[in-house]
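These numbers were taken from a predicted model, which means no experiment stands behind them. Letters A, B, ... mirror the listed sequences (proteins, then strands); counts begin at 1. Values reported hereafter were calculated over all heavy atoms of this structure, with side chains retained and with hydrogens, waters and symmetry mates removed.
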Protein chains: 2
Amino acid sequence: MAADVRTQMIRGAVRLLARQGLQATSFSEVLEISGAPRGSVYHHFPGGKEQLIAAAVELAGAIPIDELGHETGAGAEEVTEHFLRMWRNVLTLSHFESGCAVLAVAVATESPELLGRTAAVFRSWRGRLAELLAGGGLSPRDAGRFATTLVASCEGAVVLSRAERSIEPFDLVAEQLREQLRRMLAAPG
Amino acid sequence: MAADVRTQMIRGAVRLLARQGLQATSFSEVLEISGAPRGSVYHHFPGGKEQLIAAAVELAGAIPIDELGHETGAGAEEVTEHFLRMWRNVLTLSHFESGCAVLAVAVATESPELLGRTAAVFRSWRGRLAELLAGGGLSPRDAGRFATTLVASCEGAVVLSRAERSIEPFDLVAEQLREQLRRMLAAPG
DNA sequence: GTCTATACGAAGATAGAC
DNA sequence: GTCTATCTTCGTATAGAC
């Protein structure tokens, strides 16, 4: 089946979260951006907004995992570049309008349930990156630590660059991360 | 003069922003947490909520600047430790309830004006840190790059640790940052 | 599955008394 | 400077028809 209404709504929610945050991700906005019919909101999401946002967090969380799926067996530098490029594209292709949808929920939700779901996403990213980096030449200890640093630094850098409407902060951070990785590959910890 | 009503309201707004995000930082909540009288909202903030949030961003932005004021002449490692300790305390002393008030506004506001103010705060942090790090032994180029990395990584790490309700992500990132710094001090770039 | 209509509450904002 | 009352807007959610 082609992208059904439900899927379109979730995609719209992800886009709105990344661009304008949780508050602005209202049903009316989601319906408008997704072209979904008004009457179908509570048909597809009987749990209301929280259910829609939860689905959006899950979808946004799956994207990096899927993207990194092809990197099995790659070197640590390639894995890192892939992750960096992904986030850089989020910024530049949107002209600094978009950030991270998961982070937007994490800092704005009042629901412990939703906060827990964002935490699960962050952990999944850290875990997947750690696996790949360990397979790509880093010691297990370095891999775990650098994976977490990669996620945290990218998230922070995206916030900075989006706010300043400039790629400069992101590129500075990316360069620092590359240097750090080179050092670890040369002298494992 | 003791902290007047206006100041109390701004402090309350900062606390709410850091804990629950922009949406939950409503007048009613701010009045409750600050004990300010209802009738004084638009007396002190004729510009409404946007003016209150702008003042909160400014106050929250000034805190690290003030804190780092005593670090002039200190070594790069001490400056870094000070900045890390500050953010670690935000997490642990609040039992992972608090994050960064400025970031909360940056990812949730729909006002370009407010977004610009958060950008100015981030730039001021980066600038001050770069100054101190350059005075503390780093080359100008390393100082600028590491200052931005420090801000971005801490911001991201705080989001991760708050979401996961665990200090682990933050401490992993902090350890990685320390290693980066040691390497740069040993072999300036 | 989708429609309209509507209830309900929350939040920002304003006016005028004290 | 502060109070109360009120207005408006908006977003979530429900009910019942098609």
Requested in this report: Check whether any side-chain heavy atom of A/E71 lies under 4.5 Å from a side-chain heavy atom of A/F83, and answer yes or no.
Outcome: no
Requested in this report: Let me know the distance between NZ of A/K49 and P of D/dC10, rounded to the nearest Å.
Outcome: 15 Å
**Report entry** Separation of D/dC10 C1' from A/E32 CD (nearest whole Å)
**Finding:** 14 Å
Report task. Give a yes/no answer on whether the side chain of A/H43 brings an N or O atom under 4.0 Å of OP1 or OP2 in C/dC3. Result -> no
Query raised in the report: Under 4.0 Å between a Lys/Arg side-chain N and an Asp/Glu carboxylate O for B/E164 and A/R126?
Result: yes
Query - Presence of salt bridge, A/R145 and B/E168, under 4.0 angstrom - result: no
Query raised in the report: To the side chain of A/Y42, which of C/dT2, D/dT14, D/dG11 is closest?
Result: D/dT14
Query - Protein-nucleotide distance (B/E50, atom CD; C/dA11, atom P), rounded to Å - result: 18 Å
Query raised in the report: Below 4.0 angstrom, N of the basic side chain to O of the carboxylate: do B/R165 and B/E97 qualify?
Result: yes
Requested in this report: Look at the side-chain N and O atoms of A/S28 and state whether any lies under 4.0 Å from the OP1 or OP2 oxygen of D/dG11.
Outcome: yes
Query - Spacing between A/R38 atom CZ and C/dA5 atom C1', to the nearest angstrom - result: 12 Å
Requested in this report: Measure centre to centre between the rings of A/Y42 and A/F27, then say whether the value is under 6.0 Å.
Outcome: yes
Report task. From the options C/dT14, D/dA13, C/dC3, select the nucleotide whose nearest atom is closest to the side chain of A/P37. Result -> C/dC3
Report summary line: Rounded to whole Å, CZ of B/F45 lies from P of D/dG1 at a distance of 13 Å
Query raised in the report: How large an angle, rounded to 10°, do the end axes of the helix from C/dG1-D/dC18 to C/dC18-D/dG1 enclose when each is built from five base pairs?
Result: 0°
Report task. In plain terms, say whether A/E179 and A/R183 are close enough for a salt bridge, that is, a side-chain N and a carboxylate O under 4.0 Å apart. Result -> no
Report summary line: Atom CG of B/L31 and atom C1' of C/dA13 are separated, to the nearest Å, by 13 Å
Report task. Would you mind classifying the nucleic acid contact of B/F27 as base, sugar-phosphate or nothing, using non-hydrogen atoms under 4.0 angstrom? Result -> sugar-phosphate
Report task. State plainly whether the residues A/E175 and A/R88 are in salt-bridge range, i.e. N to O under 4.0 Å. Result -> no
Query raised in the report: Which nucleotide sits closest to the side chain of B/S40: D/dG11, C/dA13, D/dT2?
Result: D/dT2
Query raised in the report: C/dA11 P sits how many Å from B/Q23 CD, rounded?
Result: 8 Å
Query - Rounded distance in Å - CD (A/Q8) to C1' (C/dG1) - result: 16 Å
